[in-house]
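Beneath this line is the structure, given in structure tokens, with notes to follow.
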There are 2 protein chains.
Amino acid sequence: MPDSGSLSVKTVSRLAGLSAHTLRAWERRYGAVTPRRTETGHRLYSQSDVERLKLLVKLVEQGNSIGRIARLQDEELAQLCRSMAPERGSQSPLLQELERQEQKTDATAGETHERIGRILEELLDAIPGFELDRVADALTRARQTLSPRDFALEIIAPVLGEVGLRVSHGRMGISQEHLLSSRIRSALEAALEQLDRGLRSQPWAVALATAQGDLHEFGSLIGAVLCASHGLRPLFLGPNLPAPDFAEAVRSTRARVALLGTTPLPPGAMPLSYEEYLTRLDSQLPRDCALWLGGRGDIKLGALKLQHEVRAIATLELLDHALKGIS
Amino acid sequence: MPDSGSLSVKTVSRLAGLSAHTLRAWERRYGAVTPRRTETGHRLYSQSDVERLKLLVKLVEQGNSIGRIARLQDEELAQLCRSMAPERGSQSPLLQELERQEQKTDATAGETHERIGRILEELLDAIPGFELDRVADALTRARQTLSPRDFALEIIAPVLGEVGLRVSHGRMGISQEHLLSSRIRSALEAALEQLDRGLRSQPWAVALATAQGDLHEFGSLIGAVLCASHGLRPLFLGPNLPAPDFAEAVRSTRARVALLGTTPLPPGAMPLSYEEYLTRLDSQLPRDCALWLGGRGDIKLGALKLQHEVRAIATLELLDHALKGIS
DNA sequence: GGCAGTTTGTCTAAGTTTTGTCTAAATATA
DNA sequence: TATATTTAGACAAAACTTAGACAAACTGCC
């Protein structure tokens with residue numbers, strides 16, 4: 001029985017460093033610890049009770065309120081204790097930021113998943129009632145807690161998928177969709193800008209766009225975030241870009257990859273079919289620039305004779321992997 | 001709850017280095033941080049709140065005014081902090097102070113105009129060569145030096161006008177235009193979000209959108225920024241919104257004004273003409289909601305018999321004035 | 001330079017919540 | 001019997017809340 005010691009109130013009070021009165025009050029009011037009892041009602045504290053109490057005392061001394069932390073699990077207490085530790089005085093903001101990023105990554109995998117689930121739920125829950133505050137909060141929180149890559153892949157992509165479904169089933173209005181899209185786009189752009197600031201002076205690596213008439217920009221935008229996450233400086237040219245302009249941009253910036261986002265579109269939505277668009281793009285693109293197709297656009301590559309080798313990358317996960325390969 | 005510390009006002013005041021009074025004033029007046037609350041109303045600060053506050057304190061000490069920086073995003077703060085830092089270290093505090101005073105006084109009214117001119121030039125100069133870094137810097141600087149209203153009216157609107165001219169004259173490529181638009185939009189959205197955070201809990205005042213088929217969103221977006229600057233909470237629904245959805249959104253949010261952004265478009269660009277669109281919108285809009293038309297769309301109002309009184313507001317300056325009237 | 005208006009830190013006042021401490025009476029232990 | 005522990009409840013200090021006042025400093029403007 002290593003952990004079932006039988007320490008009395010007085011002993012524990014001395015060991016943990018608080019009065020017996022307080023000790024009992026903490027138990028009565030906040031359930032800070034729940035020692036075993038003798039048949040006659042006397043408390044029997046264990047060694048781990050003492051440890052827990054010591055931790056609580058320490059945290060309270062650091063300014064936490066006992067009523068708020070008393071019911072936390074041991075693990076949560078330990079974590080809180082760790083996160084309270086860095087109380088170094090005047091650090092440069094840069095260092096602070098780095099530290100914060102470290103803190104982010106040190107969340108364990110399991111927790112991350114749970115958190116992602118919560119954020120997803122929160123987002124999808126807040127949309128129907130125009131609760132933009134909650135949406136904004138959830139997005140901000142997600143962007144602060146997760147890496148840009150995870151933010152894009154684990155939060156934004158699923159949300160967009162679900163939104164698409166709901167809209168097509170009539171379970172979500174177009175105005176709600178627009179509102180959410182707008183917020184999501186601005187969050188993605190902020191993430192992209194943030195990453196991009198770290199890639200200045202780097203050469204442009206991947207140019208992204210969608211074809212003329214294709215207004216679905218999110219695929220490319222997430223693609224750009226992924227590129228930047230892998231250290232490949234993206235040139236996000238937005239949706240609806242004519243082939244000559246795409247080629248010209250690639251030429252001017254000497255990007256190594258041209259990534260065209262594609263979507264299954266009804267015929268006639270685009271002034272040129274994907275096949276026609278690709279033919280033109282192919283002929284005007286520099287020789288040493290790779291041509292990638294992202295997304296699930298309906299394209300018959302077989303019939304085309306293109307100079308560039310074309311690589312089709314259907315999903316964002318595959319793109320993530322492909323980028324890992326060339327970075 | 002990984003990041004949801006339970007720090008009290010007092011603790012945070014000690015950690016961040018400002019008085020509890022000031023801390024609350026910053027929250028009340030500028031929304032510098034928004035801690036969670038207990039059921040009884042006591043504030044619960046998180047560790048990241050503390051980080052943010054430390055940053056704010058530092059920036060305020062360096063001469064920034066809290067009212068201007070309190071609502072900036074965390075990253076913007078970090079960036080601002082970095083950009084304030086450069087020549088520190090070897091200088092005496094006295095010299096720093098003198099320098100700061102110089103910097104302050106040299107920003108007189110007359111120079112605001114000159115500064116606007118410089119930023120404009122910088123922007124238009126950096127675009128042709130894909131110098132996105134300079135573009136981003138200029139935009140960030142503009143957004144930090146100017147009020148959101150001035151930023152939108154004095155910088156963004158003229159730039160967009162000039163860009164439109166250049167594109168139509170073939171003096172600017174479409175890819176450059178897309179790149180710039182994307183940055184501008186994200187800057188405007190950031191400004192909007194920043195303002196919006198100060199308007200939470202306010203009722204929705206103005207709903208903005210453009211008609212189905214009209215993809216020009218900048219007018220409405222700037223309009224939204226103007227609304228927010230005047231304390232009128234905007235609901236920016238984005239471009240390309242069908243009339244029923246517009247009306248539904250207005251109904252759900254009880255917005256007092258529906259503002260439709262319009263543009264002179266070639267016939268056939270929109271599935272419904274403005275006249276048809278307006279007729280539908282008019283019939284579905286709540287009675288007590290005003291209907292405003294922004295921009296220079298070509299609309300024959302005379303022939304229409306609408307229930308709502310329609311107010312046409314051709315320019316952003318006029319909109320600014322109209323908003324002043326109802327705020 | 002002087003003047004009106006805004007910004008901002010500080011403070012007061014009155015009321016609520018949290019929390020450590022204590023009392024009283026009953027029971028247990030040694 | 002003397003000492004410890006139990007419960008329930010009382011109490012007050014400390015801390016927190018909001019609303020508003022106020023003056024110093026800063027702003028833009030003439």
Side-chain angles (χ1 to χ4, degrees), chain A residues 6-14 16-45 49 53 56-57 59-71, chain B residues 6-45 53 56-57 59-71 97 100-116 145-147 149-150 154 198 201 229 231:
Chain A
S6 51
L7 309 166
S8 68
V9 184
K10 194 164 197 176
T11 319
V12 171
S13 137
R14 184 171 42 77
L18 32 57
S19 81
H21 276 303
T22 306
L23 186 43
R24 279 190 284 257
W26 281 16
E27 181 186 336
R28 172 166 28 108
R29 300 211 262 240
Y30 325 110
V33 287
T34 347
R36 293 186 308 135
R37 300 294 190 111
T38 65
E39 307 89 55
T40 54
H42 282 209
R43 290 171 174 78
L44 295 175
Y45 292 89
D49 285 335
L53 285 167
L56 285 174
V57 168
L59 285 168
V60 165
E61 275 169 1
Q62 283 177 351
N64 292 279
S65 106
I66 181 61
R68 284 286 121 195
I69 61 172
R71 286 181 197 285
Chain B
S6 58
L7 305 171
S8 63
V9 189
K10 197 183 182 185
T11 316
V12 171
S13 127
R14 184 170 46 80
L15 291 177
L18 31 52
S19 80
H21 277 304
T22 307
L23 187 43
R24 278 190 283 256
W26 282 15
E27 179 187 337
R28 171 165 30 106
R29 301 210 262 240
Y30 325 110
V33 288
T34 330
R36 296 184 311 135
R37 300 295 192 109
T38 66
E39 308 86 51
T40 52
H42 284 203
R43 292 170 175 77
L44 293 175
Y45 293 87
L53 284 167
L56 285 173
V57 167
L59 287 168
V60 166
E61 276 168 1
Q62 284 175 352
N64 295 82
S65 95
I66 181 61
R68 295 210 133 263
I69 62 171
R71 288 186 200 284
E97 179 113 3
R100 199 161 63 217
Q101 280 170 9
E102 259 177 81
Q103 276 177 15
K104 271 184 219 164
T105 51
D106 96 64
T108 62
E111 290 200 11
T112 303
H113 258 83
E114 207 181 306
R115 197 178 332 163
I116 287 178
T145 14
L146 302 172
S147 72
R149 180 183 162 281
D150 288 349
E154 313 278 351
S201 75
S229 303

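As the structure is a computational prediction, the values presented were derived from the model and not from experiment. Scope of the values below: all heavy atoms of this structure, side chains included, with no hydrogens, waters or symmetry mates. Protein chains get the first letters and strands the later ones, always in sequence-line order, with residue 1 at the start of each.
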Of dA15(D), dT7(D), dT21(C), the nucleotide closest to the side chain of Lys10(B) is dA15(D)
May I have the step-by-step check of side-chain contact (heavy atoms from CB on, under 4.5 Å) for Leu7(B) and Leu44(B), ending in yes or no?
CA-CA 5 Å; Leu7(B) 305 171; Leu44(B) 293 175; over 6 Å; no
| task | Would you indicate what Thr38(B) reaches in the nucleic acid, counting non-hydrogen atoms under 4.0 angstrom: base, sugar-phosphate, or nothing? | result | nothing
Between the CG atom in Asn64(A) and the OG1 atom in Thr11(B), the distance rounded to the nearest 0.5 Å is 6.5 Å
Any side-chain N or O of Arg24(B) less than 4.0 Å from the OP1 or OP2 oxygen of dT17(D)? yes
- Task: Under 4.0 Å between any heavy atoms, over every strand shown, what does Leu18(B) touch: base, sugar-phosphate, or nothing? Just pick one.
- Result: nothing
Here the pair of heavy atoms bringing Ala16(A) nearest to Leu53(A) is CB-CB, 3.8 Å
From the candidates dT7(D), dT8(C), dT17(D), the one with an atom nearest any side-chain atom of Arg43(A) is dT7(D)
Nearest-nucleotide check on DNA chain C, Trp26(B) vs Thr40(B); residue mapping nearer the 5' end is Trp26(B)
Separation of dA24(D) atom P from Ile66(B) atom CD1, nearest Å, is 22 Å
Looking only at dT6(D), dT21(C), dG20(C), the nucleotide nearest the His21(A) side chain is dT21(C)
Separation of dT8(C) atom P from Glu61(B) atom CD, nearest Å, is 15 Å
Arg71(B) atom CZ is separated from dT7(C) atom P, nearest whole Å, by 12 Å
Sorted by number, residues from residues 27-35 of chain B placing a heavy atom under 4.0 Å from DNA chain C are Arg29(B), Tyr30(B)
Contacts of Thr22(B) and Gly41(A) projected onto DNA chain C by closest heavy atom; the upstream (5') one is Thr22(B)
When rounded to whole Å, the CZ to P distance for the pair Arg68(B) and dA25(D) reads 22 Å
From CZ of Arg36(A) across to C1' of dT6(D) the rounded distance in Å is 18 Å
Taken to the nearest whole Å, NE2/His42(B) to P/dT18(C) is 6 Å
So CD of Glu61(B) and CG of Leu56(B): to nearest 0.5 Å the spacing works out to 11.5 Å
To the nearest 10 degrees, the angle between the two end axes of the helix from dG1(C)-dC30(D) to dA30(C)-dT1(D) (five pairs per end) comes to 50°
Whole-Å distance, Tyr45(B) OH to dA15(D) P, equals 16 Å
Please report, to 0.1 Å, the donor-acceptor pairs under 3.5 Å made by any side chain of residues 20-34 of chain A, with sequence neighbours excluded.
from: Thr22(A); atom 1: OG1; to: Ser19(A); atom 2: OG; distance (Å): 2.7
from: Glu27(A); atom 1: OE1; to: Arg43(A); atom 2: NE; distance (Å): 2.7
from: Glu27(A); atom 1: OE2; to: Arg37(A); atom 2: NH2; distance (Å): 3.3

Distance col, row Leu59(A):CG vs Ser65(A):OG, nearest 0.5 angstrom, shows 11.0 Å
Does Arg37(B) put a side-chain nitrogen or oxygen below 4.0 Å from OP1 or OP2 of dT18(D)? yes
Would you please test Val60(A) and Ile69(A) for side-chain contact (heavy atoms from CB on, under 4.5 Å) and show each step? CA-CA 9 Å; Val60(A) 165; Ile69(A) 61 172; 4.2 Å; yes
* Looking at Ser19(A), does any N or O in its side chain come under 4.0 Å of the phosphate oxygens OP1/OP2 on dG20(C)? -> no
Whole-Å distance, Leu44(A) CG to dT6(D) C1', equals 13 Å
Note: Gly63(A) and Ser8(B) closest approach over all heavy atoms is O-OG, 3.5 Å
